[in-house]
Amino acid sequence: MDSLSQKYELRPGMGGSLLTLAGVGLFVALMLWQLGRADEKRALQAAFDSRLQQPAIDYAGGGIDIERMRYRRIRLDGHFLQQGQVLLDNAVHDGRAGYQVITPFRVRGDGVVLVDRGWVPQGARRDELPDTTVVEDPVRIEGWVDRHRSRPVLGGGQAFRPGDPRWLFIDPAAYEGFSGLAVPDFVVHLAPDSPHGFIRARPRFDANVGMHVGYAIQWGAFALIAAGTWLAVSLKRRRAPGSL
């Protein structure tokens with residue numbers, strides 16, 4: 001170590017040092033942000049797992065706190081409505097294209113909520129729509145609460161085209177204008193054991209914590225590379241005595 005210090009000295013340039021400092025600071029900030037996101041996702045995963053284990057609660061209509069009730073199992077008494085039923089397009093199951101069937105459900109207590117009754121395959125042609133007829137007899141159903149499918153990044157300006165039952169996403173205001181039914185801003189995914197739906201799976205949620213941890217490692221590596229590069233460039237051989 002002493003011989004190395006005798007041969008080399010640290011002579012960093014001002015511009016390179018400032019640039020490296022800014023880069024390392026940015027990379028470290030991004031690393032910490034991703035670690036924070038990982039912690040948030042762990043908490044979300046724990047909340048999802050915990051809420052699914054809790055017994056179903058009775059829902060009699062009205063709005064709910066979606067952050068507190070998301071993934072919570074609820075039980076509803078009422079009946080399905082054929083009028084106002086829509087198909088969520090671009091739904092894939094086992095590699096096959098299809099639709100999620102979204103059906104309004106009039107709650108016996110008060111109001112209407114939207115129920116995702118499951119997946120149905122697309123017909124041989126786009127104009128062949130599946131038979132999703134409902135029986136409007138009184139029933140009791142169970143399901144779990146979730147947000148509506150989010151608006152797609154591309155081509156998501158309008159929720160639907162007039163006259164087309166296939167929707168890209170659910171906008172409660174647009175849905176009320178389409179159906180005349182006011183609905184709260186959440187959907188109930190019908191339980192897999194209910195006889196009133198189509199293809200459904202047990203609710204699953206993957207918070208994808210590993211993705212954020214991987215990004216954090218990546219940004220941390222970039223910070224180390226930037227610092228190592230600065231050190232390699234700044235470490236110069238000592239000048240001999242009397243040399244210019």
Side-chain angles (χ1 to χ4, degrees), residues 1-52 65-72 88-95 97 100 144-159 167-174 185-187 201 203-244:
M1 187 68 179
D2 290 340
S3 61
L4 182 64
S5 63
Q6 291 173 2
K7 292 181 180 179
Y8 294 93
E9 62 180 346
L10 198 62
R11 296 204 305 271
M14 178 65 72
S17 297
L18 292 175
L19 185 62
T20 300
L21 182 62
V24 170
L26 175 62
F27 295 147
V28 169
L30 289 170
M31 178 187 69
L32 295 176
W33 174 62
Q34 288 294 339
L35 290 175
R37 291 287 291 150
D39 288 340
E40 292 173 7
K41 291 295 185 70
R42 288 190 187 95
L44 188 61
Q45 184 73 59
F48 174 81
D49 295 338
S50 173
R51 291 172 187 176
L52 281 181
D65 181 350
I66 188 63
E67 293 303 321
R68 186 175 62 87
M69 288 291 294
R70 192 180 183 193
Y71 313 127
R72 187 70 193 272
L88 273 185
D89 206 351
N90 301 325
V92 178
H93 176 76
D94 286 342
Q100 292 295 129
W144 53 286
V145 176
D146 200 0
R147 294 192 183 99
H148 289 295
R149 181 204 286 182
S150 59
R151 181 192 302 261
V153 176
L154 299 177
Q158 290 185 330
W167 288 48
L168 293 177
F169 61 95
I170 298 296
D171 178 338
D185 193 13
F186 67 88
V187 65
R204 295 180 302 167
F205 177 76
D206 181 5
N208 210 353
V209 175
M211 176 187 70
H212 295 287
V213 173
Y215 284 148
I217 293 173
Q218 171 186 292
W219 292 121
F222 286 165
L224 291 175
I225 291 171
T229 302
W230 171 84
L231 182 61
V233 172
S234 301
L235 198 62
K236 303 181 186 301
R237 185 177 292 275
R238 287 184 179 276
R239 298 186 182 95
S243 63
L244 297 178

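Along the sequence shown, residues are numbered consecutively beginning with 1.
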*side-chain contact (heavy atoms from CB on, under 4.5 Å) evaluation trace for Met69 with Arg51*: CA-CA 8 Å; Met69 288 291 294; Arg51 291 172 187 176; over 6 Å; no
*So Arg70 and Asp146, side-chain contact (heavy atoms from CB on, under 4.5 Å) or not? Walk me through it.*
CA-CA 5 Å; Arg70 192 180 183 193; Asp146 200 0; 2.8 Å; yes
*List the steps and the verdict of side-chain contact (heavy atoms from CB on, under 4.5 Å) for Gln45 and Asp49.*
CA-CA 6 Å; Gln45 184 73 59; Asp49 295 338; 3.2 Å; yes
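Atom CZ of residue Arg149 and atom CG of residue Asp89 lie 7.5 Å apart, to the nearest 0.5 angstrom. Between the CD atom of Gln34 and the CD atom of Glu40 there is a distance of 10.0 Å, given to the nearest 0.5 Å. We find the NE2-CH2 distance between His212 and Trp33 to be 7.5 Å, quoted to the nearest 0.5 Å. Distance CD1/Ile66 to CG/Asp185: 7.5 Å, rounded to 0.5 Å.
Ring orientation note: the planes of Trp144 and Tyr71 are tilted relative to one another, at an angle of 30° to 60°.
In this structure, the side chains of Thr20 and Thr229 stay at 4.5 Å or more apart for every pair of heavy atoms.
Counting all heavy atoms, side chain and backbone alike, Ala227 lies closest to Val24 at N-CG2, 4.1 Å. Annotation for Ala216 and Met31: closest pair O-CG, 3.3 Å, computed over non-hydrogen atoms. Of all the heavy atoms in Pro172 and Ile170, the pair that sits closest is CD-O, 3.8 Å. Across every non-hydrogen atom of Gly13 and Ser17, the tightest pair is O-OG, 2.7 Å. Across every non-hydrogen atom of Phe169 and Trp167, the tightest pair is O-CE3, 3.3 Å.
Judged by distance alone, the side chain of Arg72 and the main-chain N or O of Val145 form no donor-acceptor pair under 3.5 Å. Judged by distance alone, with hydrogens and angles left aside, the side-chain atoms of His148 form a donor-acceptor pair with the main-chain N or O of Phe186 at under 3.5 Å. Using a distance-only test at 3.5 Å, with no hydrogens or angles considered, a donor-acceptor pair links the side chain of Ser234 to the main chain of Trp230.
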